[in-house]
Amino acid sequence: MPKEFFITTAIDYTNSPPHIGHAYEKVLADVIARYHRLKRGKVFFLTGVDQHGQKVQQSAAKAGVPPAQFVKGITQQFRDLWKALDVKYNAWAATIDPLHKKCVRGILQRLFDEGQIYKDKQAGYYSIRQEQFLTDKERGADGQFGPEWGEVEFREEENYYFKLSQHKDWLLSYIDNRKDAVIPDFRQTELRNAVEKLSGDLCISRPKSRLDWGIELPFDKDFVTYVWFDALTNYISFAGYDPRQSTLNSQPSTFRDKWPALQIIGKDILIPAHGIYWLIMLHALGFSDEAMPQLLVHGWWNLAGAKMSKSAGNVIDPFVLADKYGSGALRYYLMRDIARGTDADFDEKLLLERYHNELGNKIGNLVNRSLSMATNYSGIVLKKPTEAKLSQFSDYFGQVYKACMNEAEIGGAQIFEKDEEGRPVGALGAVLRLAEEANAFVEAEKPWRLRKDRKTDRLGAVLYQLAEVVRIIAILISPVVPKAAHGVFDQLNWKMELSGKEERFSLKDAEWGGLPDGHVVGKPIPLFPRIEINEGV
Ligand code: MSP
């Protein structure tokens, strides 16, 4: 078993600025990473940018700047976004990094030396606009190539090929033997069906005459590496993989300690990129079946049922949303409203509604009223009930609380590790219920009446229990809304020496009774203030 929990995301193309789809994937990975840190696991979270290839070269040309300069600007936008959204990664994969290039070249050389890569001539119809060879699949009903391909000419070109089809039987048996190679299940089935149809090898080079923004092949200076071969390698190159070593055991311990990774990708890049090319690349490099990464495939965010695209002009800018609502509200909505395996519609109204109704009215309100009473009722101290008294006070509440805790724990595992149904609401749902029950507890106990009736002991115990629920809720929501969780702890006057640090939260601490008897809480400040939006939301 690896010692570190290794999690990756797709690396984003640097041909255009980030949109909400990119943001969702990184926030999802960040939440999973934070959840593992909450469990006190060592985590290595790798994300980054895909900087080479035709798309990037074309966008740079359009902008009239050299690709290196173009890529620098877009890369900075991604980094700024992760900062704005509290996405905390451990390593940054940028494919123009010399360390990465060296690794890609090392891998290519080894596969070439081992006879996995060969040179061949391809002749066929080539679309100049799309810069790719066309096959009969691309022909329309009339047998012609449609206008989307622009000018099409017959071409002959030499290139290098990776022996993909040689590994088809292995891939089928790997998928058949490992039930959770791909999550969720239906994506694994889709992959299997695609592998059945696999034929032909993978062209892994591009002649420099038509693309020079890439990694030069180590064995032929007239070619650069196909961008997917380059990009996929990031998952190991930035984790310390040494291409000269052909077994996992001979890899440096930095790599061995973390590999294999849990890899989060969107549904569009499972087939063929990750499910076929990547798994076969690893197999060809000598990775055993046990050392294959697990692929967690998420759906897409759409807008009013339509795919978001720059050309359609319907992309959602995450910077604007983070600015308007704060990173917490956006992170919460992204985690709350998408079923992981399927698509969802992005709805700004719902984002605001969830922010007000769930974060504000349930959690924020509970924190605020609990701490207001604890600080305003002079002469009242939080009183930790003894076991017997605890059950006396929490007859109805304690039971529900326990159930919620169990649900949150199981839900947590389901959401953050694997969730067959893919709906990441289990743990969040349990936390919300916990807040609802605690709010109902306030109504039932009526602390203001206890105060009037001078039932000081009972009042102290009620306020203690509320502070405890608030403390535990903060721990449970910390992976999703880390800033707000710090806000709760600050107001609780709890673990102040770790203020702002992620180590402040630990799942082990989410157990009843952590606050000492007589604990003095801090001043309450509204956590999720109402946001008034006037223009057209
Ligand atoms: N550069 C490749 C990935 C290489 S990984 C070795 C790429 N880049 S991308 O920028 O187009 O997409 C990056 C990730 O964002 C992919 O996982 C993709 O599925 C995801 N998303 C892009 N648009 C999305 C939505 N509208 N919704 C959710 N995720 C989306 O592919």
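These numbers come from a predicted model, not from an experiment. Every number for a ligand or one of its atoms is a count from 1 in the order of the listing.
- Heavy atoms of G299 come nearer than 4.0 angstrom to ligand 1 in at least one pair.
- Backbone and side-chain nitrogen or oxygen atoms of H274 are examined, and none is located within less than 3.5 angstrom of a nitrogen or oxygen of ligand 1.
- Ring centroids of F6 and F45 are separated by 6.0 Å or more, keeping the two rings apart.
- Counting heavy atoms under 4.0 Å from ligand 1, residue D12 touches it through both backbone and side chain.
- Between K26 and D12 there is a salt bridge, since at least one side-chain N of the basic residue sits less than 4.0 Å from a carboxylate O of the acidic one.
- Under a cutoff of 6.0 Å and an axis angle of 45°, R139 and Y125 form a cation-pi pair.
- Counting heavy atoms under 4.0 Å from ligand 1, residue K307 does not touch it at all.
- Remark: ligand 1 and D50 share an N or O pair separated by less than 3.5 Å (distance only, no angle test).
- At least one side-chain heavy atom of V49 sits less than 4.5 Å from a side-chain heavy atom of W92.
- Of the candidates H298, E25, Q263, T9 forms a side chain to side chain contact (heavy atoms under 4.5 Å, CB included) with just one, namely E25.
- Residue G266 approaches ligand 1 through these ligand atoms, each under 4.0 Å from one of its heavy atoms: 17 (O), 19 (O).
- In this structure, of Q51, H19, E25, the residue bringing a heavy atom nearest to atom 16 (C) of ligand 1 is E25.
- In terms of polar-atom proximity, defined here as any N/O pair under 3.5 Å, A10 makes no such contact with ligand 1.
- Comparing Y235, W300, F78 against atom 30 (C) of ligand 1, the shortest heavy-atom distance belongs to W300.
- Taking the six-membered ring where the residue is Trp, F78 and W82 present tilted rings, their angle falling between 30° and 60°.
- In summary, the atoms of ligand 1 found under 4.0 Å from a heavy atom of D268, numbered by their order in the structure, are 18 (C), 19 (O).
- For ligand 1, the polar-atom distance check finds no N/O of A231 at less than 3.5 Å from any of the ligand's N/O atoms.
- Between Y24 and ligand 1, a contact under 3.5 Å exists for no N or O pair.
- At least one cation-pi condition fails for R354 and Y333: the charged atom is not both under 6.0 angstrom from the six-membered ring centre and inside a 45 degree cone around its axis.
- Not a single N or O atom of W228, backbone or side chain, sits closer than 3.5 Å to an N or O atom of ligand 1.
- Residue contacts with ligand 1: M308 is excluded, as none of its non-hydrogen atoms falls under 4.0 Å.
- For the pair W301 and ligand 1, the shortest N or O to N or O distance falls below 3.5 Å.
- Ring planes of H274 and Y235: tilted class, angle from 30 to 60°.
- Residue W278 places no heavy atom under 4.0 Å from ligand 1.
- Looking only at atom types and distance, the side chain of Y126 has no donor-acceptor partner in the side chain of E157 under 3.5 Å away.
- E348 and K324 are joined by a salt bridge, as a carboxylate oxygen and a charged side-chain nitrogen come within less than 4.0 angstrom of each other.
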